[in-house]
Amino acid sequence: MALLCLIAVLGGPYLTDIATEAMIYTVMAVGISIFMANSGIVSFGHVTFALVGAYASAWQTCCAGMRGVFMPGLPQFLLDSKTPVLLAALVASLLASVVALVSGAAIMRLTGAAASIALLSLLFIVKTIYENWDSVTAGQSSLVGLPLYVDMWTAFGFASAAIVIAQVYNASSFGLLLRATREDEAAARASGVNIWRQRLIAFVISAFVTGAGGVLYGHYLGTLAVNVFWLDMTFVTLAMVVVGGMRSLTGAVVGAFAVTGLRQTLLALERGVDLGGVSISLPSGAQEIALAVILLLILTFRPQGLVGDNEMTWFGGARDSS
Amino acid sequence: MNIVQLLVDAASLGSQYALVALGIGLVFGVMRMINFAHGDLIMIGAYALVVPTAADLAAPLIGAWPFPLLIAGILCVVTLVALATERFAFRALRKRGADGSTLLISSFAVSYLIQSLVLFIHTGRPKSVSIFGALTQQVTIHGVRVGLVDIVTIIVTILLLLGLSLYLRRSRAGIEIRAAAEDFTMARMLGVRADRAIALAFGLSGILAAAVSLLYVAKTGVLDFRMGVPLAIAGFVGTVIGGMGSLPGAVLGGFSLGAASMLLQALLPAELRPARDAFVYGLVIVVLLFRPQGLFVTGNAGERI
């Protein structure tokens, strides 16, 4: 918080932008982490919920009088709606949860790698539908003119809310039961835990938070295109969760900031920097390659991530979260 | 569309997916890791056909060689890349006792790395290349016109499956791979060398990936740095619906998926056809709802404790 104030006062627009982006990704990473950290299942599909959330918010708030032109297929009540942006964000995130409830009811029956793959195919399904559903998503072209209400403080508010939701869930009996299934599926089942149900609960909550992240993303950039919500975003958000620490909420937050900082640094280097009169610039595309290599190195040499299993508490100091 | 034509198309796409699923299944068997980078091996095989350059027009490199050399060249390139990913990315992880999710994410990272490298070298613009020009013609069998490349795909797949199953059943190395897939720790205690069995599985999956690259490019003639992704997803899903860890299951799963896609393509009304994949994978999720352990698995599918 203090850091943010400092950025707001001193940082100028560039740092403010980076901080905003980092916090939008924090919301998504926290959303993914609610499911991944507690269930131990790697999710390649959470970007689905960012996609659903972002478009659902656009349906309610986008582009003033142009909505009917971009998205003629929307039902009348949506074409007319003048929903306030925050209410729209809430409704959009709830829609993401509904998608998670319906799809999760099937996918959460799978375990391990099979579940990860099924989650990826969920993303593939939803992306294909949105790409071809021209009348409500503008298909393969972009939507422009989303209200730009996301600044650093909005993002901070959302990120804080996301962290609170995650902490409440982690501290709840649901969180504890799900972590039990993560540690030993057979033992948890033998103790009477309904694995499917516990996973589904976490999945729905995490979809809500990730959906909110997608909403922010759309209203931060002001434009939306379906193909943004595909492997690149999956990779970046997953990298955040892994770099920070796959099994910890603090890890997701730390990872979101670390990876955003790293990407922005590399992007700045791609644009070129002046060092003592000599301009140095990385070739474009170096950012993706460097990020992949760093992720591989972290997985090999510090697979528990930057913070490991530790959680930060509100009062400082760390405790073990297992 | 004629029914025979449709069946040939369905069998052709099914064969392609079966080969992808088998390649993924082989590695999964010995390592319990879904290899995300398998699709990118296919992509590498296709890009190896042309000169690496950022220019728009791709001059053929290996693609211009006479066809036995061409096939051998692509097989070598893809197998070497497959072995390299194993040696430099996955082996270190395995030696450190990485768990399943770490391996899964690292293979995703390898896949992303390969895609970024190809994007870096070749740019993201799709390129075209034509190989085996003779295959693009149609042949008429009993008055039905079918693509020659589809027939060849089916035949090559059958030959590869026969060859591979002979190799896995009869040769010492093949039996070691199957033993390692059955119970890795036990196989090691009985003298199977882990590194070798795993490298061999990667090598075989590389050969299968190379075959898919050639068949795919012969049919479409298009190169794109993301071309491996839908194929890989089809392969993953094939192994999942076939029952993870079962090689015949992977083949049948992949084949059913491809055949179902083609049939849906023919049966869906025209305006829904672009979203065909959504229907196919939606169907898959419904199938998994009823048989989460996979379609073609019986008996000891659950994880051993």
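Sequence lines set the chain letters: A, B, ... in the order given, protein chains first and strands last, and positions in each chain run from 1.
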Heavy-atom proximity to chain A below 4.5 Å, by part of L117(B):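 Contact with chain A is through both the backbone and side chain of L117(B).
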
query: What part of V237(B) gets closer than 4.5 Å to chain A, counting heavy atoms only: side chain, backbone, both or neither?
result: both

Of the backbone (N, CA, C, O) and the side chain (C-beta and beyond), which part of [X] lies under 4.5 Å from a heavy atom of chain B, both, or neither?
X: L238(A); value: side chain
X: A105(A); value: backbone
X: D232(A); value: both

Which atom pair, heavy atoms only, marks the closest approach of [X] to [Y]?
X: V42(A); Y: S101(B); value: CG2-CB, 3.0 Å
X: F235(A); Y: A109(B); value: CE1-CA, 3.7 Å
X: R96(B); Y: T300(A); value: CD-O, 3.0 Å
X: L296(A); Y: S106(B); value: CD2-O, 3.7 Å
X: L104(B); Y: S116(A); value: CD2-OG, 3.3 Å

- prompt: Does the side-chain contact (heavy atoms from CB on, under 4.5 Å) test come out yes or no for I125(A) and F279(B), once each step is laid out?
  reply: CA-CA 8 Å; I125(A) 292 173; F279(B) 287 91; over 6 Å; no

message: Please evaluate residues L120(A) and F36(B) with respect to the criterion side-chain contact (heavy atoms from CB on, under 4.5 Å), reporting the C-alpha separation (whole Å), side-chain torsions for both, the decisive distance (0.1 Å), and the verdict.
response: CA-CA 11 Å; L120(A) 179 68; F36(B) 251 91; 3.7 Å; yes

field: Minimum side-chain heavy-atom gap N132(A)-E271(B) below 4.5 Å
entry: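 They are not in contact (no side-chain heavy atoms under 4.5 Å apart), so the answer is no.
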
- request: Using the side-chain contact (heavy atoms from CB on, under 4.5 Å) rule, take M244(B) and I117(A) through it: C-alpha gap first, then chi angles, then the decisive distance, then the call.
  value: CA-CA 11 Å; M244(B) 306 207 66; I117(A) 296 310; 5.6 Å; no

query: Between A286(A), A118(A), P303(A), A106(A), which residue shows the highest count of heavy-atom pairs closer than 4.5 Å to chain B?
result: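 Most heavy-atom pairs within the cutoff with chain B belong to A106(A).
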
- prompt: Picking from L291(A), L295(A), L110(A), L297(A), which has the most non-hydrogen pairs under 4.5 angstrom with chain B?
  reply: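 Heavy-atom pair counts peak at L110(A).
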
Look up atom [atom1] in [X] and atom [atom2] in [Y], then write down how far apart they are to the nearest 0.5 Å.
X: E288(A); Y: L113(B); atom1: CD; atom2: CG; result: 11.0 Å
X: F120(B); Y: Q287(A); atom1: CZ; atom2: CD; result: 12.5 Å
X: I285(B); Y: I107(A); atom1: CD1; atom2: CD1; result: 4.0 Å

- request: Answer yes or no: is there an ion pair linking K127(A) with D277(B), defined by an N-O contact shorter than 4.0 Å?
  value: no

field: V229(B) and W230(A): CA distance, side-chain angles, deciding distance, side-chain contact (heavy atoms from CB on, under 4.5 Å) verdict
entry: CA-CA 11 Å; V229(B) 175; W230(A) 185 218; 3.8 Å; yes

- prompt: Parallel, tilted or perpendicular: which describes the rings of F108(B) and F44(A), with under 30° parallel and over 60° perpendicular?
  reply: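 Because their plane-to-plane angle lies in the 30° to 60° range, the rings of F108(B) and F44(A) count as tilted.
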
- request: Find the one option among V240(B), V284(B), L103(B) whose heavy-atom pairs under 4.5 Å with chain A are most numerous.
  value: V240(B)

- prompt: Is the count of non-hydrogen atoms from other residues, nucleotides or ligands lying under 6.0 Å from R302(A) atom CZ greater than 12?
  reply: yes

